[in-house]
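Here is the structure we will look at, set down as structure tokens.
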Number of protein chains: 2
Amino acid sequence: MQEHKKNIIGGLNKLFDHRVRLGIMAMLLVSERVDFNQLKAQLGITDGRLAGHIKALEEAKYIEALKQFIGKRPNTSYHVTGAGREAFKEHLDALERLLTLRDNLPPREGD
Amino acid sequence: MQEHKKNIIGGLNKLFDHRVRLGIMAMLLVSERVDFNQLKAQLGITDGRLAGHIKALEEAKYIEALKQFIGKRPNTSYHVTGAGREAFKEHLDALERLLTLRDNLPPREGD
DNA sequence: AAAAAGTACTTTGAATGGCAAAGTACGCAA
DNA sequence: TTGCGTACTTTGCCATTCAAAGTACTTTTT
């Protein structure tokens with residue numbers, strides 16, 4: 001356990017500060033291969049935006065693309081790398097540490 | 001249960017897409033009153049930056065300030081509102097739904 | 001053959017967000 | 001009176017994010 005953190009948010013990964021990137025990672029951790037159009041549909045964003053976020057994750061080596069043809073059509077699918085899996089796990093662990101400052105929301109009185 | 005969401009990230013709150021804001025909320029849910037300098041110390045950021053993030057949360061009515069004097073010195077402490085508590089809970093629920101697409105990281109083979 | 005549509009992008013340009021550093025206002029302490 | 005602590009705001013810059021349009025290639029439709 002590496003507890004050399006100077007602050008409580010130090011373990012959080014900047015790349016995962018964004019919902020779209022969070023969504024991409026979650027999807028890729030469930031189904032090890034998800035293609036461009038599935039991501040686009042599930043996330044409900046434009047292809048340009050999706051391409052940008054994918055690029056960021058690819059540059060961090062958290063995900064990789066596989067380009068192939070399915071029948072006659074081009075198809076690009078993505079999968080998470082070992083590094084991506086690890087980075088995401090670390091992020092979630094940090095998040096959990098942050099949140100189990102609070103374990104359960106107390107019923108709270110007058111506000 | 002309101003399941004009228006068109007995409008998997010729709011329940012996530014934009015305001016909580018940021019680690020600092022996430023940290024502030026977590027702290028305020030643990031200790032119902034936390035002052036400016038405690039936040040600053042725990043988050044490890046400058047006062048200007050902290051003030052900005054606090055302002056965003058105040059404008060959303062997720063937190064409120066209490067200004068008083070402790071002894072001779074001014075002291076501003078913050079507490080989370082009912083709306084803030086609810087919004088944060090919703091965000092965490094959405095996050096959990098997103099992540100329990102994946103429940104446990106499977107041991108995964110060749111990469 | 002020409003037009004439309006699909007796939008997976010890139011580019012553009014504008015808006016928004018994030019930052020450190022400096023400045024401010026107040027009272028208190030030396 | 002000079003400086004310190006508290007809690008900001010302002011400034012000016014840089015990075016990020018976005019929708020929309022453009023691109024290149026292929027397939028499908030007409």
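Below, chain A is the first sequence line, B the second, and so on; all start at residue 1.
The side chain of A/Lys67 has C/dC9 as its nearest neighbour among C/dT7, C/dC9, D/dC8. The listed nucleotides are C/dT10, C/dT7, D/dT9; the one nearest the side chain of B/Lys55 is D/dT9.
When heavy atoms are screened at a 4.0 angstrom cut-off, A/Tyr78 is found touching the sugar-phosphate backbone but no base atom.
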* To do: Let me have a per-nucleotide readout for nucleotides 17-24 of chain C, 5' to 3', with B, S or -, counting only protein heavy atoms under 4.0 Å.
  => -SSS----
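Remark: the backbone N or O of B/Val34 is not paired with any side-chain donor or acceptor of B/Ser31 at under 3.5 angstrom.
Straight-line distance from the NZ atom of B/Lys72 to the C1' atom of C/dA29: 10 Å, rounded to whole Å. Computed from coordinates, the A/Leu57 CG to C/dC9 C1' distance equals 16 Å when rounded to whole Å. When rounded to the nearest whole Å, the span between CZ of A/Arg73 and C1' of C/dA4 equals 12 Å. Between B/Glu64 atom CD and D/dA7 atom P there is a gap of 17 Å when expressed in whole angstrom units. Atom-to-atom, CG of A/Leu66 to C1' of C/dT7 comes out at 15 Å; the value is rounded to the nearest Å. Look at CD on B/Glu58: it is 11 Å from C1' on D/dA7, rounded to the nearest Å. Rounded to an integer number of Å, the gap from CG of A/Asn37 to P of C/dT7 is 5 Å. Distance, A/Lys40 NZ to C/dC9 C1': 11 Å, rounded to whole Å.
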* side-chain hydrogen bond (donor to acceptor under 3.5 Å, both in side chains) assessment of A/Glu64 paired with A/His79 -> CA-CA 6 Å; A/Glu64 279 172 1; A/His79 70 106; 3.2 Å; yes
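Aromatic ring orientation, B/Phe36 versus B/Tyr78: tilted (interplanar angle from 30° to 60°).
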Pair up each side-chain donor or acceptor in residues 68-75 of chain A with any protein partner under 3.5 Å, not counting sequence neighbours, and list the distances.
residue : atom : partner : partner atom : Å
A/Asn75 : ND2  : A/Asp35 : OD2          : 3.1

Donor-acceptor pairs under 3.5 angstrom involving side-chain atoms of residues 51-63 of chain B: please list them, not counting sequence neighbours.
residue : atom : partner : partner atom : Å
B/His53 : ND1  : B/Arg21 : NH1          : 3.0
B/Tyr62 : OH   : B/Asn13 : ND2          : 3.1

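Distances shown here put every side-chain N or O of A/Thr76 at or beyond 4.0 Å from the OP1 or OP2 atom of C/dT7.
B/Gly23 approaches A/Ile8 most closely through the heavy-atom pair O-CD1, 4.2 Å.
The residues A/Arg97 and A/Asp93 are annotated as not salt-bridged, no charged nitrogen and carboxylate oxygen being separated by less than 4.0 angstrom.
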